Chemist: 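Dropping the structure in here first, questions after.
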Amino acid sequence: MDLSLSPIAHVDVPPDTRTKIRASGVNVFYGDKHALKDVSIAIPEKAVMAFIGPSGCGKSTFLRCINRMNDTIDIARITGNIDIDGQDIYTPSLDVVQLRARVGMVFQKPNPFPKSIFENIAYGPRIHGIAKDKTELEEIVVGSLKRAGLFEEVKDRLDDSGTSLSGGQQQRLCIARAIAVSPEIILMDEPCSALDPIASAKIEELITELRQNFTIVIVTHSMQQAARVSQRTAFFHLGILVEEGATDDIFTNPREPRTQDYITGRFG
Amino acid sequence: MTDISSPNRVFDVTSDAARARVRKRYRAEARFRAYGIAAIGFAALFLVALITDVVYRAAPAFTTSWLSIEVPATPSDIDPKGDGSVESIASGNFDAPVRARLAELLPGANDRVARRQLNALISSSGTEGFRDQILRDRDLVGKTVNTRVLLSDDADLFVKGQATDVVERAGAGQLTPSGTEGTITLSGAPPLRVSGFASADPSTLVRISGGWVKITGQQDGVLTGDVMMPLRDTAAADWKLVTFETSEGSRRLGDREVVWLQTLTEQGVIERSFNWRFFTNGDSREAELAGILGALSGSLFTMMITLVLCLPTGVAAAIYLQEFAPKNKWTDLIEVNINNLAAVPSIIFGLLGLAVFLNFFGLPRSTPLVGGLVLALLVLPTIIIASRAALAAVPPSIREGALGVGASHQQAIFHHVLPLAMPGILTGTIIGMAHALGETAPLLLIGMVAFIVDVPSGPTDAATALPVQIYLWSDLPEAAFAAKTAAAIIVLLLFLFIMNGLAIFLRRRFERRW
């Protein structure tokens, strides 16, 4: 791979950036399978952190630990600590619903609810009681659509079904849905894997914009995408966090030979 | 190397063997299609045959026959107290004037046996219409009233042409009767070509001088016979030979009654109309009075109880087991048992209902309430299994999407998963309900097989159900009940179609919401 073809336009994260998420010694077991082995990482605030690695390396598993989505899998067992703003998210006293309102998620396959576009976005604010009245709810919906860059395309058909949109629009709708509840963190699990390059480019643009206000963690199979949108990159392999660092460093000067092999396409 | 059949290819697609393989593949596919079409055609043929047969058999049950006659409303009979009050008229004897009028129309029934036969042409409740007519307009007392009298089921069958065929041929020459009533001889007859005059042979009659003579023997041009309807005189006259093709021994109407009904038909006083009574009456021992409404209401109440009990319970159980229950030995055991329950023979549920609901809880016997409870138990496993399958079929991405924006587990299920599963749940429910509607065995055991005349007005009134009514009627010897049985089957099928149609409509509604 010729890295000069994927320009890294942004500078490294300033050293004074606060850590938003801190994981230490996280292990995940699916039944007998040890899916994630002793992962420790610090994810900075208001920046994009990309997780890369071959399929089945545990990057999605780790992502789903951050908003406790793995709780829905009966056989999943998690040990170790994950803190958000210094607060352990696995303490029994923490309400997982509150956590997920703070940590939004966008999935690999666009999964809008089979309801109207308006309802898709209004659902979150409604169940969390964010909007006081209908006008405020409409403001949130329009605002979220605008921030997701979708408003101009759908403003005349907010009552149409969310599933009637194209794949890329659906994914931006899902992003709008996630930001409508004003989360602090947005987790994205391969958000562009089901999209064509133009739709992907729009999502990437959006991610870059959203970084101003949100902490974003993105799992991606595309090294170019990781290089384009992220400030920091973590490379996972076989359930182990192999290397983590500034994106520029990872792609130009990896410390680990396995990282080197992966990003140059020698395996994975 | 431009030749496609180059020997360098690993698989030569143009060789004879390859062509043969392709042809074989095409033939196999064509064969399979033919099997499919044959199977569908066969199934359709059976369905058409079944429906045609049922409709053909049921057709007579949807019409009924009346006598439309002028009856004098004699005050001595219908107003026994003589004050013209409602109570007096309601207790009046309306049969007497009708019977008297009938005897006028059909003279010759002079002895008690003949009178009783004559009266039996009219249904036991045949004069109710006459009474209601007088009660509505009490000024009619003393006048001659044009009224309609319901015929008995056997007479009705004859009118519909189901008792016997009547064949009439002109006779050669003239016959001279020896008398006008009783047993007479008719002389001057050509030899009749008939198989015999026993009750197992088709009945042979002679019409002469406005009367009917049933021939009982012939010898040397002299016919011996019994007069069924008196002759005008004993003068030699033209005659007709009449044959009732069905022998007297194999029909419920005697020759005399057939003669009367034939006469009435020729007088033009018999009319047929749509049988509303079939849809407004409960069961009856008299076929012409028996209706389906009792069984229909019974089925309706039973289905209501079943639906009210098993839809919420079944769906709630399915949601809990599918979405909330921990996966352990206990839930495995419950799941296995639910699957087993779905396969338990329905009569076992009837025994359970008898033992638990009737004997232990002392609920009223023969009622839709108990029937509904038993059928709810029967349908519950079906609904739970179908609902679980429908819930499991909702893509997990929807659930994750909801959880991802911070919906609780319950919110995700009730706001997103359940609405998507609803069409499947409804389908399962309707299959279960259709199953329950046609279920007979458990209802027999809890006493819904009783003979119940009254139409139930609520789930705690004694009632029967449609399939049980069909079973009851199919068991009765009267020919008219055979048509009723088929008609009841049609009503049951229509009930089923309406129920299914409603379910499909609801399912569409649910699907269109998205």
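Nothing here was measured: the structure is a model prediction, and the numbers come from that model. Note on naming: letters A, B, ... go to the chains in the order of the sequence lines (proteins, then strands), and numbering restarts at 1 for each one. Hydrogens, waters and symmetry mates are skipped; everything else that's a heavy atom, side chains included, is used.
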Chemist: Is the number of heavy atoms from other residues, nucleotides or ligands within 6.0 Å of CZ (R22(A)) greater than 12?
Modeler: no

Chemist: Taking CZ in F324(B) as the centre, count heavy atoms belonging to other residues, nucleotides or ligands within less than 6.0 Å. Is the count above 12?
Modeler: yes

Chemist: Verify ring-ring contact (aromatic ring centres under 6.0 Å, His included) between H415(B) and F113(A), making sure each step is shown before the conclusion.
Modeler: CA-CA 10 Å; H415(B) 295 168; F113(A) 302 134; 9.6 Å; no

Chemist: Minimum heavy-atom separation for P114(A) to I398(B), with atom names?
Modeler: CD-CD1, 3.7 Å

Chemist: Can you tell me how far apart CZ (R100(A)) and CG (L403(B)) are? Round to the nearest 0.5 Å.
Modeler: 5.0 Å

Chemist: First locate atom CZ of R64(A), then atom CD of E400(B), and finally report the distance between them rounded to the nearest 0.5 Å.
Modeler: 4.5 Å

Chemist: Say whether, by atom type as modelled, one donor and one acceptor occur between the side chain of H409(B) and the main chain of T72(A) under 3.5 angstrom.
Modeler: no

Chemist: With chain A, which of G404(B), P326(B), P395(B) has the greatest number of heavy-atom pairs at distances under 4.5 Å?
Modeler: G404(B)

Chemist: Contact part of R68(A) toward chain B, heavy-atom cut-off under 4.5 Å: side chain, backbone, both or neither?
Modeler: neither

Chemist: Pick one: which of V96(A), D95(A), V97(A) meets side chain to side chain contact (heavy atoms under 4.5 Å, CB included) with S408(B)?
Modeler: V97(A)

Chemist: In terms of heavy-atom proximity below 4.5 Å to chain B, should P183(A) be classed as side chain, backbone, both, or neither?
Modeler: neither

Chemist: Find the one option among I127(A), V103(A), V181(A) whose heavy-atom pairs under 4.5 Å with chain B are most numerous.
Modeler: I127(A)

